[in-house]
Amino acid sequence: MTLTRIDCAVLSHVIGFCDTIKHLDLENCIIQCEGIQRLGPGLHKCLELGLGDNDLGDSGVKMVSEALRIPGCKIQKLWMRKVGLTDSGAEDLGSALSRNRSLTEVKLSHNVLRDSGVKLLSAALRNPECKIQKLWLANVGLTDSGAEDLLCALNKIRSLTMLNLESNSLTDRSVPALRRLILTLPSLEWIWLVENLFSWTGMKELRSLQEPGPGVKVQL
């Protein structure tokens, strides 16, 4: 389905009459920056907001970030897979995440965040009031350098249950930090690490955590 600028304006008008929207799924609707600009004033009313597979770019994500900053923002689940977000736009999103108190699930896979963008997001995740439970960062250009900051930040999030880091460039250098996260974070249930650059030895070390392990499912 394609939503034109006019469609977005009409939808925004309808949203204006709502107090709360349980689920707004706009994934793969060919929405661009101008479309999200028209929807922006009502996005904070959504409990679940799906914007994946749209060409929002950093400018469009900035408008979503503005919604996250609104006092009383209700967004709990935010899905922005493959929206054209880069490390340049990560600072604004990170700033919004550090202030938001409602988010429990964030999907940012298949964006070009790279280490610099992930480090900016990691700074936001260190907020002691962060309530993130599920975090998707698959195929974002993450290497060991960025993973060090990320895993250190996630170690402090006592609510984290699921982490997806598949299709990145992590090597055995990240194995000690991953082991610490898996062994010391009692809430963690699943971690996806497939299609990284671990050696056979590194993969063996990670698999050994499940035998008997802390009950975490490690996908390699």
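The environment of Lys82 atom NZ is sparse: at most 12 non-hydrogen atoms of other residues, nucleotides or ligands sit within 6.0 angstrom. The environment of CD in Glu91 is sparse: at most 12 heavy-atom neighbours from other residues, nucleotides or ligands sit within 6.0 Å.
Glu34 has a carboxylate O that lies under 4.0 Å from a charged side-chain N of Arg38, or vice versa, which qualifies the two as a salt bridge. Here Asp19 does not pair with Lys45 in a salt bridge; the nearest charged N to carboxylate O distance is not below 4.0 Å.
Taking each heavy atom of Ile132 and Ser159 in turn, the nearest pair found is O-OG, 2.7 Å.
In this model, no donor atom of one side chain and acceptor atom of the other lie less than 3.5 Å apart for Ser95 and Asp92. Side chains of Glu105 and Trp79: a donor on one and an acceptor on the other come within 3.5 Å. For Ser174 and Asp144, the side-chain atoms include at least one donor-acceptor pair closer than 3.5 Å.
Looking at heavy atoms from C-beta onward, Lys134 lies in side-chain contact with Thr161 at the 4.5 angstrom threshold. Residues Leu154 and Leu135 form a side-chain contact, since some pair of their non-hydrogen atoms from C-beta on lies under 4.5 Å apart. At a threshold of 4.5 Å between non-hydrogen side-chain atoms, the residues Leu39 and Leu26 count as touching. The closest side-chain heavy-atom distance from Val216 to Leu209 is not below 4.5 Å. Considering only heavy atoms from C-beta on, Leu193 stays 4.5 Å or farther from Leu163 through its side chain. In this structure the side chain of Asp149 reaches within 4.5 angstrom of the side chain of Arg126, judged on heavy atoms.
Taking the side-chain hydrogen bond (donor to acceptor under 3.5 Å, both in side chains) definition, one finds that Glu166 meets it with Asn164, sequence neighbours left out. A search for ring-ring contact (aromatic ring centres under 6.0 Å, His included) contacts involving Trp136 returns nothing, not counting sequence neighbours. Among residues two or more places apart in sequence or in another chain, the side-chain hydrogen bond (donor to acceptor under 3.5 Å, both in side chains) test is passed with Glu27 by none. Every residue meeting the side-chain hydrogen bond (donor to acceptor under 3.5 Å, both in side chains) condition with Glu195, not counting sequence neighbours, appears here in chain and number order: Ser167. The side-chain contact (heavy atoms from CB on, under 4.5 Å) test applied to Ser169 returns Thr143, Leu197, not counting sequence neighbours.
Here the options are Asn111, Leu85, Leu108, Ile36, the test is side chain to side chain contact (heavy atoms under 4.5 Å, CB included), and the partner is Val61; only Leu85 passes.
The closest donor-acceptor contact from the side chain of Thr104 to the backbone of Gln133 lies at 3.5 Å or more, if one exists at all. A donor-acceptor contact shorter than 3.5 Å links the side chain of Arg179 to the backbone of Glu205. A distance-only check finds a donor-acceptor pair linking the side chain of Asn168 to the backbone of Leu137 [under 3.5 Å]. Of the possible polar contacts, one joining the Asn54 side chain to the Gly52 backbone as a donor-acceptor pair under 3.5 Å is found. Side chain of Asp53 to main chain of Asn28: no donor-acceptor pair is present (N/O by atom type, distance under 3.5 Å, no hydrogens or angles). Asn139 contributes no side-chain N or O that, together with a main-chain N or O of His110, makes up a donor-acceptor pair within less than 3.5 Å. Side-chain atoms of Asp7 come within 3.5 Å of backbone atoms of Thr4 as a donor-acceptor pair (strictly under, hydrogens ignored). Remark: the backbone N or O of Leu97 is not paired with any side-chain donor or acceptor of Arg99 at under 3.5 angstrom.
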Quick one: side chains of residues 181-189, donor-acceptor pairs under 3.5 Å with protein atoms, not counting sequence neighbours, listed by atom name and distance.
unit_1, atom_1, unit_2, atom_2, d
Thr184, OG1, Asn155, OD1, 2.9
Thr184, OG1, Arg180, O, 2.5
Ser187, OG, Arg158, O, 3.1
Ser187, OG, Leu160, N, 3.4
Ser187, OG, Leu160, O, 2.5

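Criterion: ILVMFWY side-chain heavy atoms under 4.5 Å apart, direct or through other members. Under it, Val112 and Met80 are not part of a common hydrophobic cluster.
Atom CZ of residue Arg81 and atom OG of residue Ser109 lie 7.5 Å apart, to the nearest 0.5 angstrom. Here SG of Cys46 is found 4.5 Å from CG of Leu24. Values are rounded to the nearest 0.5 Å. Taking CD from Gln219 and CZ from Arg207, the interatomic distance works out to 10.0 Å, rounded to the nearest 0.5 Å. Here the NZ atom belonging to Lys74 is positioned 14.0 Å from the CG atom belonging to Leu49, to the nearest 0.5 angstrom. Atoms CG and SG, on Leu43 and Cys73 in that order, are 9.0 Å from each other to the nearest 0.5 Å. To the nearest 0.5 Å, the span separating CG on Leu142 from CG on Leu113 amounts to 9.0 Å.
Between Trp192 and Trp190, the ring planes lie parallel to each other; the angle is under 30°, not in the 30° to 60° tilted range.
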(message) Determine whether Ser98 and Asn127 satisfy the following criterion, side chain to side chain donor-acceptor pair (under 3.5 Å), listing intermediate values before the conclusion.
(response) CA-CA 6 Å; Ser98 68; Asn127 189 311; 5.3 Å; no
